[in-house]
Structure formats: structure tokens, C-alpha cells
Amino acid sequence: FDLANVDWNFRDCYIRLNAVDGILFSSGSGTPERIAITGTRFDGNGTGVHASGAVRALTLVGNDFLNAVTGYAAYFEGQVQGAVIHGNRAKDNFAADYRLVGTSRGIDFAGNDCEGSPTALILGCTHSSFHGNILNPDTTTISLGVSFDNDFGPNRVTAGTPEIGPALVTDTRNTYLGRYYGSAAPVAGSWLKGDFVYNDDPDAADAIGWGCSVAGTPGTWVTGPVYP
């Protein structure tokens with residue numbers, strides 16, 4: 001399906017993939033809006049939901065994305081504005097379960113189960129949240145590209161794979177468990193008085209973090225107390 005219109009609703013379907021995309025929002029499709037895909041099983045070789053163009057108000061809830069030998073559960077490479085991705089199961093996909101890049105923003109990614117793929121999430125989106133998920137990839141939990149103003153965690157990561165933590169949230173404009181993390185005081189971005197960036201890799205006698213004392217871009221920052 002190559003969708004160009006508004007108000008599509010896919011419910012309780014079975015879509016067998018054969019080296020093609022199950023549902024495609026292409027760059028020539030205009031700007032589809034209010035698309036709901038629920039209770040649907042995508043199985044086989046290809047990407048389940050592929051947005052190469054612009055999409056607004058996309059809902060993916062309660063779907064299965066399985067056995068994509070050369071694809072992803074969902075691949076956002078265009079501009080997806082406002083997506084709810086809840087309660088989906090992705091298993092044994094080729095490169096990653098979800099690749100959410102492009103200029104996508106406003107994604108609420110929660111309660112999903114990612115298992116058996118090399119990488120659970122490849123991210124390059126902004127202003128989004130990732131919480132309450134079960135992430136059990138073969139190798140990498142999250143691969144972060146240009147990604148900021150997002151909030152991560154808490155998520156459950158099965159033993160044996162990298163934990164989601166401050167080391168994976170390297171841009172201080174992202175937060176982990178509601179906190180900012182970084183290796184130094186910010187030198188870019190707009191900050192408010194009272195913002196605090198926690199040191200993501202401290203040693204003895206290093207600063208706990210840095211606090212913004214005067215709002216601005218990037219504002220004025222002071223060094224916090226040090227670890228004993």
C-alpha cells in the first residue's frame with residue numbers, strides 16, 4: 001500500500017512481505033494524516049511500515065513485525081510529526097527493529113518488545129520519549145545519531161546486552177530518567193536557570209556536574225561539587 005490520503009485505518013490484518021514495504025508513505029504521497037495501524041501482523045522479507053515522505057498523526061499499536069530479512073519493523077526517513085508507537089512486538093529483523101531518523105519529531109515510543117535483532121533502535125529524531133520498553137537485541141540497544149530534546153527511560157534491558165544509561169545519551173539536550181547528562185558544561189542550545197547537567201563518566205575528585213546560573217544560549221554555567 002502506498003498511501004496518499006487521510007484517515008486510513010488498518011486493523012487486524014495479515015500482511016506478507018516479499019522484498020517490498022508493507023505500508024509505504026512515499027515522498028510523492030503528499031502528507032497523509034491520521035493513519036492508524038493496529039493489531040496487524042507483518043511477516044517476511046521487507047519493512048513493515050516505511051515513511052520516506054511526510055506523515056502526520058501516525059498510530060502503531062499492538063502490531064507484530066517479524067522476520068524482516070532485509071528490512072525493519074518501522075523505518076521513518078522522512079518527516080513524521082506526531083507518532084504513537086505502543087505495545088508492538090518486533091522480532092528477528094535484519095539490521096534493527098526501528099529506524100527513526102530523518103526530521104521526525106514528537107514520537108511516543110512505549111511498551112514495545114524488541115527481540116533478536118542486531119539493534120533495537122536507530123534514532124535520529126527529536127522531541128520524543130522512549131520509556132517502558134523491553135529491549136533485547138543481539139548487540140546494540142540504542143544507536144544515536146543526531147538526536148536531541150528526547151527523554152529516555154526507564155526501559156527494561158535483558159541481561160547480556162548494553163544497559164540504557166547516560167553513556168548512550170551523549171547529547172546534553174537529551175535526558176535520561178528526566179535528567180541531563182554530558183561530559184562538560186553545554187556550549188550550545190538554550191538553557192534555563194536551574195538546569196543541571198550530570199557528569200556521565202566521573203572519576204574521584206571530578207565534578208558531579210554543572211549548573212546553569214544565568215539563562216541563555218548556552219547561558220552561564222558553574223561547576224558543581226566534586227566527588228570525594
Side-chain angles (χ1 to χ4, degrees), residues 15-26 37 40-53 55 58-80 83-148 150-165 167-171 174 176:
I15 299 178
R16 178 69 179 173
L17 307 178
N18 185 18
V20 295
D21 297 322
I23 297 176
L24 170 66
F25 308 98
S26 67
I37 304 168
T40 292
R41 176 172 173 148
F42 298 84
D43 194 352
N45 183 16
T47 291
V49 177
H50 183 188
S52 64
V55 184
L58 173 64
T59 299
L60 301 178
V61 174
N63 304 289
D64 284 338
F65 299 94
L66 309 174
N67 307 310
V69 178
T70 59
Y72 308 91
Y75 179 17
F76 298 173
E77 62 174 326
Q79 186 181 67
V80 175
V84 173
I85 305 177
H86 286 186
N88 301 285
R89 181 170 67 118
K91 184 176 181 180
D92 298 333
N93 295 301
F94 170 66
D97 289 319
Y98 296 89
R99 184 171 185 177
L100 311 177
V101 292
T103 53
S104 296
R105 58 188 294 154
I107 298 170
D108 183 11
F109 190 93
N112 300 287
D113 187 352
C114 303
E115 180 180 353
S117 304
T119 300
L121 301 173
I122 298 175
L123 301 179
C125 51
T126 66
H127 302 88
S128 299
S129 65
F130 302 86
H131 51 89
N133 303 286
I134 299 174
L135 306 179
N136 183 23
D138 291 337
T139 306
T140 304
T141 305
I142 295 178
S143 176
L144 278 177
V146 179
S147 186
F148 55 88
N150 300 304
D151 185 57
F152 295 89
N155 295 281
R156 177 184 172 190
V157 179
T158 303
T161 59
E163 289 288 343
I164 300 174
L168 290 176
V169 186
T170 54
D171 189 315
N174 294 306
Y176 171 67

Quick check: do [X] and [Y] have side-chain heavy atoms less than 4.5 Å from each other?
X: Asp151; Y: His131; result: no
X: Asp21; Y: Tyr75; result: no
X: Leu66; Y: Arg89; result: yes
X: Glu77; Y: His50; result: yes
X: Asn133; Y: Tyr98; result: no
X: Ile122; Y: Ser143; result: yes

Any donor-acceptor pair under 3.5 Å from [X] side chain to [Y] backbone:
X: Asn155; Y: Leu135; result: no
X: Thr47; Y: Tyr72; result: yes
X: Asn63; Y: Arg41; result: no
X: Asn150; Y: Cys125; result: yes
X: Ser128; Y: Asp108; result: no
X: Asp97; Y: Ala73; result: no

Roughly how far apart are [X] [atom1] and [Y] [atom2], rounded to 0.5 Å?
X: Phe109; Y: His86; atom1: CZ; atom2: NE2; result: 9.5 Å
X: Ser147; Y: Arg105; atom1: OG; atom2: CZ; result: 12.0 Å
X: Ile85; Y: Leu58; atom1: CD1; atom2: CG; result: 7.0 Å
X: Leu121; Y: Arg99; atom1: CG; atom2: CZ; result: 13.0 Å

Are the aromatic rings of Phe130 and Phe152 close, with centres under 6.0 Å apart?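 Close enough - the centres of the two rings lie under 6.0 Å apart.
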
| query | For the side chain to side chain donor-acceptor pair (under 3.5 Å) test, which of Thr70, Asn18, Asn67 pairs with Asn45? | reply |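 The option that passes is Thr70.
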
